[in-house]
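Structure record follows, encoded as structure tokens.
Numbered from 1 within each chain, the chains take letters A, B, ... in sequence-line order.
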Number of protein chains: 2
Amino acid sequence: MKKSEQKMQDILSFIEEYTKNSGYPPTYREISANVNLKSINSVKKYLDRLELSGYIKKSGFKSRSIDLVKQEIPTVNFPVVGRVAAGQPILAEQNIEDRLVISSSLIGNYDDSLLFALKVRGDSMIDAGINDGDLAIVHSQNTVENGEIAVAMVEDKATVKYFYKNKDKISLHPANALYQPIEGKNISVVGKVVAIIRKI
Amino acid sequence: MKKSEQKMQDILSFIEEYTKNSGYPPTYREISANVNLKSINSVKKYLDRLELSGYIKKSGFKSRSIDLVKQEIPTVNFPVVGRVAAGQPILAEQNIEDRLVISSSLIGNYDDSLLFALKVRGDSMIDAGINDGDLAIVHSQNTVENGEIAVAMVEDKATVKYFYKNKDKISLHPANALYQPIEGKNISVVGKVVAIIRKI
DNA sequence: TCAAAAGTCAAACATTTGTTCTATTTTTAC
DNA sequence: GTAAAAATAGAACAAATGTTTGACTTTTGA
């Protein structure tokens, strides 16, 4: 490797670290002091090269205007709801226990703001590979397709089941022979389970 | 809410958005132009208040030195390994298909650099709630405790099984009555399964 | 309502910061 | 090894950016 290419690497690394630590990028002089360059003109030339190579973007004459064009991994950010208070919408502030982040690619292409997570209680879906304590990632929606796994409110409690609808008659099917399907009244779909996460 | 408190909120929001979009924080003048304040002195006073309130940190006389003290959700970042090439270490560059991010709280307290993910093939662990196609998050380690779920190399293929060891005799137990345990030779543990993620 | 407190504004200033220029030194490539 | 190219350095300059001051206006709270 050429000596100057090593320097380019060093400068890029310094910018990344500085920005991470400070919350804002370094100045040319701060860079020069930290990569063993006495001249800020040298720094400028390196930054010009880094920009040409696509590693950074700059805006002329603006201070600290180094924009690292890093390839961030896309993520979604959603709340974890705990015990759902009777009568409240499921995403009400007081139901939210925590917030989590996961890579967008781990779920489908869903709108960030319509996702939430729910801890599954009980073993009624165990034959679908959903265990007690698993975290279900849910997309808020008022209806799901037959055979999909839904989160539904049944008498003010959230439950995870297979959803079926036949002539306006809704039934929620467990995946466990020990349980009976739930049918009929007071069932409202609040979302579709799009992912399951289990901590072992 | 006081009128000035609303302004504080607006300014904070603007700084967050600007920083996210640009990669560096705004100047006082850029803020003043975007929150309907004609005087940069007003901006300074608000920033001083925001700093006193702990929302930002500044460094005197430095341009764009607004450090948002946002409470980021802690995450871990790890590679997804695909088909493991025979003879190669599992984390070899050519085995890595992708990189993912998840909240640290979704797994135990493990070292970021020792984690990887692996797509589970087959239904041999189905009674443990691990389905074909599930993503296993794995912590690299050479040994696991009896009864834990391990990733082991058996004849150059990675497999997920319950691990048992009795007098130096290792056996890997499936969670499916249709399969037999694997015993004996050519088994090396590469990690412990710490989480399961399933996209539905 | 009314006085005090808080907020806003404009302008001048001090400091930082990016840019340009020229000369010198080092590195590269044949 | 040698000449051309590249990199470095120092300094002067231009532009931007944060700070301070003082007067004016609006908001707040009794």
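- In this entry the distance linking CZ of R49(B) with C1' of dA5(C) reads 12 Å, nearest Å.
- Between the side chains of S124(A) and K161(A), at least one donor N or O sits under 3.5 Å from an acceptor N or O.
- Counted by atom type alone, S65(B) and S59(B) present zero donor-acceptor pairs between their side chains at under 3.5 Å.
- Summarising the geometry, the separation between NZ on K45(B) and C1' on dA10(C) is reported as 13 Å, rounded to the nearest angstrom.
- Heavy atoms of T27(A) sit under 4.0 angstrom from primed sugar atoms or phosphate atoms, though from no base atom.
- Distances were taken from every side-chain heavy atom of K58(A) (C-beta onward) to each of dA7(D), dT17(D), dT19(C); the shortest belongs to dT19(C).
- Protein atom CG of L37(A) is 20 Å distant from nucleotide atom P of dT24(C), rounded to whole Å.
- Looking at heavy-atom distances under 4.0 Å, R64(B) makes contact with sugar-phosphate atoms alone, never a base.
- The residue K62(A) sits close only to the backbone: its heavy atoms come under 4.0 Å of sugar-phosphate atoms, none of a base.
- Every residue two or more places apart in sequence or in another chain that forms a side-chain contact (heavy atoms from CB on, under 4.5 Å) with N146(A) is listed here: F163(A), Y164(A), K165(A).
- Distances were taken from every side-chain heavy atom of Y28(B) (C-beta onward) to each of dT19(C), dT19(D), dA7(D); the shortest belongs to dT19(D).
- Between R29(A) atom CZ and dC13(D) atom P the separation is 15 Å, expressed in whole Å.
- If you measure from atom CD1 of I11(A) to atom C1' of dT8(D), you get 12 Å, rounded to the nearest angstrom.
- Nearest-nucleotide positions on DNA chain C for N36(B) and G60(B) put N36(B) closer to the 5' end.
- For F61(A) and dA15(D), the CZ to P distance is 6 Å, given to the nearest whole Å.
- Distances from the side chain of N41(A) to the nucleotides dC9(C), dG10(D), dT17(C) place dG10(D) closest.
- The nearest whole Å value for the distance from the OH atom in Y24(A) to the P atom in dT16(C) is 13 Å.
- Residue V69(A) comes nearest to G54(A) through the heavy atom pair CG2-O, 2.7 Å, listed as atom of the first residue, atom of the second, then distance.
- Residues I40(B) and K38(A) both approach DNA chain D. Their nearest nucleotides, taken by heavy-atom distance, put K38(A) toward the 5′ side.
- The separation between K7(A) atom NZ and dA6(D) atom C1' is 14 Å, rounded to whole Å.
- The side chain of S39(A) lies closest to dG10(D) when the candidates are dG18(C), dA10(C), dG10(D).
- A donor and an acceptor atom, one from each side chain of N34(B) and E30(B), are nowhere located under 3.5 Å apart.
- At a threshold of 4.0 angstrom between heavy atoms, the contacts of S63(A) are confined to the sugar-phosphate backbone, with no base atom among them.
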